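One structure is given below, encoded as structure tokens.
Values in this document were obtained by computation on a predicted structure and should not be read as measured data.
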2 protein chains.
Amino acid sequence: MNINGVSKQFDLTKDTLRYWERLGLLPEIKRNDSGYREYSERDMNWVFYIKALRNAGMSIEALIEFVKLYREGKQTAGSRKSLLVDQRQDLEDQRKKIEKTIKYLDYKIDHFEDHTLNYEREKLAYDGNIQ
Amino acid sequence: MNINGVSKQFDLTKDTLRYWERLGLLPEIKRNDSGYREYSERDMNWVFYIKALRNAGMSIEALIEFVKLYREGKQTAGSRKSLLVDQRQDLEDQRKKIEKTIKYLDYKIDHFEDHTLNYEREKLAYDGNIQ
DNA sequence: TCTTGCCTTAGAGTTCACACGAAGGTTTAG
DNA sequence: CTAAACCTTCGTGTGAACTCTAAGGCAAGA
């Protein structure tokens, strides 16, 4: 598939696809006789994978490390699997932070009329020790 | 409390505290005779509050709007409350995205040995239609 | 008093993750 | 055949949110 197709399929700009490839976030995409990119099924998989993790807030830097190990081949299977596990943990942490803030917002919405802010009470609310 | 104390208490740089104040994200902090900032209890509350919402991904711009409404007093209560509710919804959406990606990673971890990636199957896994 | 280490401001620099523009080659529709 | 509409690279621009530098005032210990 050409870059335009991939761009549309995944709702990413062509610039972003080229940018990701340049940084090593995608494998080097094969070119046809005119030097145009031709994305293989495998390439598309990478795009899908990277997009999912970028969507979830994973940094480019963390993803570059993963792809680098992947490229180094099979003997890195252990490291790569543990990177997946690490990535999962990162997301889990992020989810907890978000849940905490959601609860804090709920507290602030419920107590919206209480104008006398007290720092200790805010902290308790944030840490889930109020309500 | 002086700026150094607040910086340490909330794990924010002094630059960030001054930056937030300059943008109107914090109230104007009172100064002592030498022109040094002295943070009141109320100021600390704001720092805590802003930090929590920044942590949760709320933009500076949205927070400026919120603080501006707050300063305008009681008649903006409705708008402010709905901003809180909007923000809560954003976080909820973000949480759902993260949960989806966690499930996808679980699938990838479980099927780590399957090297024959297939894009359609990845998509199904991501959307929760496999496993 | 001198030195070290705070604090202040204004303005410039940095980082991240793209987005854009120019210059030029290729493909396709009429 | 030519004009529109693609593609390429290289380099620069953008916006958000800091982060740092310079120049100078204030404070506290030897």
Side-chain angles (χ1 to χ4, degrees), chain A residues 1-40 43-44 46-68 87 90 94 97 101, chain B residues 1-40 43-44 46-68 87 90 94 97 101:
Chain A
M1 186 178 276
N2 66 15
I3 196 169
N4 193 40
V6 178
S7 164
K8 278 176 183 149
Q9 171 120 22
F10 293 103
D11 192 28
L12 296 164
T13 72
K14 296 168 203 170
D15 274 318
T16 299
L17 286 165
R18 286 186 282 245
Y19 172 69
W20 284 1
E21 183 185 350
R22 196 165 62 245
L23 295 192
L25 239 144
L26 299 176
E28 270 191 53
I29 312 296
K30 291 275 184 311
R31 313 306 181 90
N32 69 13
D33 291 350
S34 319
Y36 289 16
R37 286 172 178 80
E38 262 304 320
Y39 290 79
S40 71
D43 297 334
M44 313 265 286
W46 271 110
V47 173
F48 181 83
Y49 179 63
I50 298 296
K51 192 197 169 184
L53 293 184
R54 288 286 306 128
N55 262 343
M58 187 135 285
S59 78
I60 296 262
E61 203 185 353
L63 287 170
I64 287 177
E65 174 65 10
F66 182 78
V67 176
K68 199 175 126 268
Q87 287 177 342
D90 281 2
Q94 208 175 324
K97 207 168 68 182
T101 310
Chain B
M1 187 178 276
N2 66 13
I3 196 169
N4 193 40
V6 177
S7 164
K8 278 175 182 150
Q9 171 120 21
F10 293 103
D11 193 29
L12 296 164
T13 71
K14 295 167 207 174
D15 274 317
T16 299
L17 286 165
R18 286 186 283 243
Y19 172 70
W20 284 0
E21 183 185 348
R22 195 164 64 244
L23 294 192
L25 241 145
L26 299 176
E28 272 190 52
I29 312 296
K30 290 275 184 312
R31 312 309 181 87
N32 69 15
D33 292 348
S34 317
Y36 291 15
R37 285 171 178 80
E38 264 301 319
Y39 289 78
S40 71
D43 297 334
M44 313 267 286
W46 271 109
V47 173
F48 180 83
Y49 181 59
I50 299 295
K51 192 197 169 185
L53 294 183
R54 286 288 305 129
N55 261 344
M58 190 159 189
S59 76
I60 296 265
E61 202 185 352
L63 284 169
I64 288 177
E65 174 66 10
F66 185 80
V67 175
K68 198 176 126 266
Q87 180 57 21
D90 284 0
Q94 179 68 17
K97 227 162 45 184
T101 310

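Within 4.0 Å of A:Leu23, counting heavy atoms only, lies no atom of the nucleic acid at all. Nucleic acid contact for B:Arg18: base, since at least one base atom lies under 4.0 Å from a heavy atom of the residue.
Under the 3.5 Å distance criterion, the side-chain polar atoms of B:Asp90 are left unmatched by any main-chain donor or acceptor of B:Gln87. Under a 3.5 Å cut-off, the side chain of A:Gln94 and the backbone N or O of A:Gly57 do not form any donor-acceptor pair. B:Asn55 contributes no side-chain N or O that, together with a main-chain N or O of B:Ala52, makes up a donor-acceptor pair within less than 3.5 Å. Under a 3.5 Å cut-off, the side chain of B:Glu38 and the backbone N or O of B:Arg31 do not form any donor-acceptor pair.
Counting heavy-atom neighbours within 6.0 Å of B:Asn32 CG, excluding the residue itself, gives a total above 12.
When distances run from any side-chain atom of A:Thr16 to the nucleotides D:dT8, C:dA19, D:dA17, the shortest one goes to C:dA19. Candidate nucleotides C:dA17, D:dC18, C:dT8 were compared by shortest atom distance to the side chain of B:Arg31, and C:dT8 ranks first. Checked against D:dC7, D:dC20, D:dA17, the side chain of B:Asp15 finds its nearest nucleotide in D:dC20. Nearest to the side-chain atoms of B:Ile60 among the listed nucleotides C:dC7, C:dC18, D:dC18 stands D:dC18. For A:Ser34, taking side-chain heavy atoms from C-beta onward, the closest of the listed nucleotides D:dC26, C:dT27, D:dC18 is C:dT27. Comparing C:dC18, D:dC7, D:dA17 by their nearest atom to the side chain of A:Ile3 picks out D:dC7.
For D:dC18, one of the phosphate oxygens OP1 or OP2 lies less than 4.0 angstrom from a side-chain nitrogen or oxygen of B:Trp20. For A:Arg54 and C:dC18, the shortest distance from a side-chain N or O to OP1 or OP2 is below 4.0 Å. When the side-chain nitrogen and oxygen atoms of B:Thr13 are compared with OP1 and OP2 of D:dC18, none of them lie within a distance under 4.0 Å.
For B:Ile64 and D:dA17, the CD1 to C1' distance is 11 Å, given to the nearest whole Å. Counting to the nearest Å, the C1' atom of D:dT21 and the NZ atom of B:Lys14 are 15 Å from each other. D:dC7 atom C1' lies 15 Å from atom CD1 of A:Ile29, rounded to whole Å. Note: CZ (A:Arg22) to C1' (C:dC20) measures 12 Å, nearest angstrom. For B:Arg37 and D:dG25, the CZ to P distance is 18 Å, given to the nearest whole Å. Between the OH atom of A:Tyr19 and the P atom of D:dT8 there is a distance of 18 Å, given to the nearest Å. What separates CD of B:Glu38 from C1' of D:dC26 is a distance of 14 Å, to the nearest Å. Straight-line distance from the CG atom of A:Asn4 to the C1' atom of D:dA5: 11 Å, rounded to whole Å.
Side-chain contact, B:Ser40 with B:Asp43: a donor N or O sits under 3.5 Å from an acceptor N or O.
When each of B:Asn32 and B:Ser59 is assigned the nucleotide of DNA chain D bearing its nearest heavy atom, the one mapping closer to the 5' terminus is B:Ser59. Nearest-nucleotide mapping onto DNA chain D: of B:Met58 and B:Tyr36, the residue sitting toward the 5' end is B:Met58.
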